[in-house]
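The block underneath contains the structure these notes are about, expressed in structure tokens.
So that the names make sense, note that chain A is the first sequence line, chain B the second, and so on, each numbered from 1.
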Amino acid sequence: GAVVSQHPSRVICKSGTSVKIECRSLDFQATTMFWYRQFPKKSLMLMATSNEGSKATYEQGVEKDKFLINHASLTLSTLTVTSAHPEDSSFYICSARYTSYEQYFGPGTRLTVT
Amino acid sequence: DQQVKQNSPSLSVQEGRISILNCDYTNSMFDYFLWYKKYPAEGPTFLISISSIKDKNEDGRFTVFLNKSAKHLSLHIVPSQPGDSAVCFCAASVYGKLTFGQGTILTVHP
């Protein structure tokens with residue numbers, strides 16, 4: 001299957017700082033990428049859809065000013081958690097759309113805000 | 001409002017036997033259904049999928065059944081292997097956006 005990478009795999013930051021997470025499709029171009037978060041023992045929740053060259057679309061309840069998404073190229077989308085707080089601590093996973101129905105997922109990023 | 005539900009939080013099966021994982025959904029707009037397995041601190045890995053216009057799809061040890069009238073799908077794994085042990089998620093797609101169930105912890109005992 002296609003490969004999607006995320007960087008960093010884990011990050012610890014202090015409350016009030018910003019953290020950027022990168023998602024890359026390594027062997028295919030993705031006009032659409034998705035960002036999810038997963039709380040412990042919970043399901044994956046879609047946060048936003050990242051479209052190359054245009055603004056991201058956010059799911060209900062997700063603050064677009066807090067979770068900044070940039071999809072500047074066909075292989076890279078970034079999620080920036082601004083002014084992070086402990087409640088933002090979570091497992092963030094991206095996926096890249098391969099076909100209309102197929103998505104390949106990255107390995108995830110564990111964010112811990114202290 | 002949980003549109004995709006997996007009501008069994010866990011399933012334990014003997015190696016070689018059949019694993020049956022169930023999933024219910026409420027949104028009739030879903031047009032594609034997928035099953036993933038996931039390990040802690042990793043991204044989901046695709047297992048099998050089915051279009052809403054079909055009622056069965058088979059791929060090796062994995063078979064997915066879809067009952068649209070009941071808004072129910074199931075994943076059959078036979079024979080189950082210890083390597084199948086993971087959290088299994090069903091997901092439903094509309095316009096390419098996925099909604100995940102809560103997951104079922106599958107444990108296959110040797």
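Within a 6.0 Å radius of OH in A/Tyr98, no more than 12 heavy atoms belonging to other residues, nucleotides or ligands are found. When the shell of 6.0 Å around NE2 of B/His72 is examined, it contains more than 12 heavy atoms from other residues, nucleotides or ligands. Remark: A/Ile12 CD1 is loosely packed, at most 12 non-hydrogen atoms of other residues, nucleotides or ligands lying under 6.0 Å away.
Only the side chain of A/Glu59 comes within less than 4.5 Å of a heavy atom of chain B; its backbone N, CA, C and O stay farther away. If you measure heavy-atom distances from B/Ile105 to chain A, you find no contacts under 4.5 Å at all. For A/Thr49, the part lying near chain B is the side chain, with the backbone staying farther off; criterion is any non-hydrogen pair under 4.5 Å. Only the side chain of B/Tyr36 comes within contact range of chain A, with at least one heavy atom under 4.5 Å from a heavy atom of that chain. Residue contact with chain A, scored on non-hydrogen atoms closer than 4.5 Å, involves the side chain of B/Phe89 exclusively.
The choice from A/Arg110, A/Gln6, A/Arg10, A/Gln38 that makes the most heavy-atom pairs within less than 4.5 Å of chain B is A/Gln38. When the candidates B/Gly103, B/Ala41, B/Pro9, B/Ser93 are compared by the number of heavy-atom contacts under 4.5 Å with chain A, B/Ala41 comes out ahead.
Hydrophobic clustering keeps A/Leu79 apart from A/Phe91 (ILVMFWY residues linked when any side-chain heavy atoms are closer than 4.5 Å, directly or through intermediates). Under a hydrophobic clustering in which Ile, Leu, Val, Met, Phe, Trp and Tyr are joined whenever their side-chain heavy atoms come within less than 4.5 Å, directly or via other members, A/Tyr36 and B/Val87 fall into the same cluster. Tracing side-chain contacts under 4.5 Å through hydrophobic residues (I, L, V, M, F, W, Y), one reaches B/Phe33 starting from B/Ile77; they form part of the same cluster. B/Leu106 and B/Val78 fall into different hydrophobic clusters, where Ile, Leu, Val, Met, Phe, Trp and Tyr are joined by side-chain heavy atoms under 4.5 Å apart, directly or via other members. Linking ILVMFWY side-chain heavy atoms closer than 4.5 Å, directly or via other members, places A/Met45 and A/Phe105 in two distinct hydrophobic clusters.
Here the side chains of B/Asp31 and A/Tyr101 are in contact, with some heavy-atom distance below 4.5 Å. Residues A/Glu102 and B/Phe46 form no side-chain contact, since every pair of their non-hydrogen atoms from C-beta on lies 4.5 Å or further apart. Looking only at side-chain heavy atoms (C-beta outward), B/Glu42 and A/Ile93 stay at 4.5 Å or farther from each other.
When all heavy atoms of A/Leu46 and B/Leu98 are compared, the pair lying nearest together is CB-O, 4.2 Å.
With hydrogens and angles disregarded, a donor-acceptor distance shorter than 3.5 Å links the side chain of A/Gln103 to the backbone of B/Gly96.
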